[in-house]
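Numbers restart at 1 for each chain; the letters A, B, ... are given by sequence-line order, proteins then strands. Predicted model, so just to flag it, every value in this text is computed and none were measured.
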2 protein chains.
Amino acid sequence: MRLDPIDQRIIALLQEDARSSYAEIGERVALSAPAVKRRVDRLRSSGVIRGYTALVDPGAVGWTTEAFVELFCTGRTSPAQLKAAALRHPAVVGAYTISGEADALVHLRAMDMSGLEEALEKLRAEPFVTSTRSMIVLSRLVETLAPRIVQDVGTAKGSPAS
Amino acid sequence: MRLDPIDQRIIALLQEDARSSYAEIGERVALSAPAVKRRVDRLRSSGVIRGYTALVDPGAVGWTTEAFVELFCTGRTSPAQLKAAALRHPAVVGAYTISGEADALVHLRAMDMSGLEEALEKLRAEPFVTSTRSMIVLSRLVETLAPRIVQDVGTAKGSPAS
DNA sequence: GATGAAAAGACTAGATT
DNA sequence: AATCTAGTCTTTTCATC
């Protein structure tokens with residue numbers, strides 16, 4: 001799907017505040033509210049915008065412990081298999097197949113250290129996991145929950161505009 | 001700040017769809033719309049809800065390449081120093097101090113491999129970085145952009161409710 | 001094909017009970 | 001916390017470019 005500059009600005013505005021009104025957005029992109037709504041509807045149905053979410057302070061809701069775990073797997077473990085396993089474990093908030101020594105990297109979040117330990121234990125019990133290497137998060141320095149949109153299409157070379 | 005079960009359900013509903021109306025939420029938690037708004041306002045001003053954002057498919061906006069990079073730093077590099085550096089680099093979408101061999105883990109997102117390379121190069125140029133170890137993401141299997149809320153306070157032991 | 005204008009219905013936000 | 005009310009927003013329809 002092709003995104004024109006107005007689409008991009010609308011997406012950026014919705015990333016900043018997903019609850020802003022169409023009228024508000026329209027004001028900033030010089031379009032009427034219905035026109036904005038039509039574009040947003042199209043962006044949603046085409047999958048560019050997957051949804052809207054509230055950004056919640058993990059600590060405030062009791063989610064204080066997290067870790068990144070490198071997974072070493074048996075010979076031929078498929079990404080689909082890994083994905084299915086990741087989805088089975090509710091503590092998994094991110095999972096990626098990666099290059100390098102390990103086969104996958106899993107991002108775990110738990111309420112406390114014992115919860116993390118329990119989640120890790122369950123993960124290690126997966127039949128295809130041969131070993132793991134854990135990196136416990138000591139402090140979260142930065143976390144951009146939504147991918148920032150490219151502001152300058154074609155000119156940017158790997159660095160998102162602020 | 002204390003969250004009662006209704007607060008938690010409201011948060012969960014807003015995480016599912018940050019654009020749902022107060023009336024809609026009120027229906028599902030058996031409260032009037034104004035009552036829901038008051039609670040949401042309180043959650044926002046107390047910092048439990050930090051904001052609302054649109055979830056955008058990174059690929060759809062040209063953000064196709066990512067990596068996790070372990071940072072090895074000089075003797076005494078402070079978390080504050082790391083954080084400041086991370087914020088200077090727009091490709092950094094996540095940064096954590098960690099236990100284990102490395103001192104920090106940085107999550108990078110770029111438009112393509114050359115963008116990633118460039119971002120990595122800049123990161124390595126930071127004076128406190130002695131070496132790095134990169135894990136290029138081959139495929140994103142799972143990514144829960146918002147931390148899931150605990151549904152059963154006190155009973156859950158490290159695993160978020162679905 | 002996309003935009004703007006207008007109208008009906010729904011929602012928000014503040015005051016009151 | 002619910003109700004009420006005025007003002008605003010959303011959403012559909014329709015005409016226009």
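- For the pair A:L71/A:L82, a side-chain contact is recorded, criterion being any heavy-atom separation below 4.5 Å from C-beta on.
- The pair B:D7-B:R2 fails the salt-bridge criterion, with no side-chain N (NZ, NE, NH1 or NH2) lying under 4.0 Å from an Asp/Glu carboxylate O.
- The structure places CZ of A:F68 at 5.0 Å from CZ of B:F68, a figure rounded to the nearest 0.5 Å.
- Look at B:K37 and you'll find a side-chain N or O under 4.0 angstrom from OP1 or OP2 of C:dA13.
- Of the candidate nucleotides C:dA13, D:dT10, C:dC11, D:dT10 has the atom lying nearest to any side-chain atom of A:Y22.
- Taking CD of A:E70 as the reference point, atom CD of A:E101 lies at 7.0 Å (rounded to 0.5 Å).
- In terms of modelled atom types and a separation under 3.5 Å, the side chain of A:E24 and the main chain of A:S21 share a donor-acceptor contact.
- Exactly one of B:R44, B:K37, B:R39 qualifies for a salt bridge (charged side-chain N to carboxylate O under 4.0 Å, His left out) with B:D41. That residue is B:K37.
- Helical stems involving DNA chain D, defined as 3 or more consecutive Watson-Crick or G-U pairs under 3.5 Å, span C:1-17 with D:1-17.
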Salt bridge (Lys or Arg N to Asp or Glu O under 4.0 Å) assessment of A:E143 paired with B:R50: CA-CA 12 Å; A:E143 193 166 77; B:R50 296 197 309 232; 5.4 Å; no
Nucleotide N/O to protein N/O under 3.5 Å, stretch nucleotides 5-9 of chain C:
none

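- In the set D:dT10, C:dA2, C:dC11, the nucleotide with an atom closest to the side chain of A:A23 is D:dT10.
- For B:S21, the side-chain atoms get nearest to C:dT12 when compared with the rest of D:dA2, D:dT10, C:dT12.
- Counting only heavy atoms from C-beta on, A:A35 has its side chain closest to C:dT3 among D:dA1, D:dT10, C:dT3.
- B:E27 has its CD atom 9 Å from the P atom of C:dC11, to the nearest Å.
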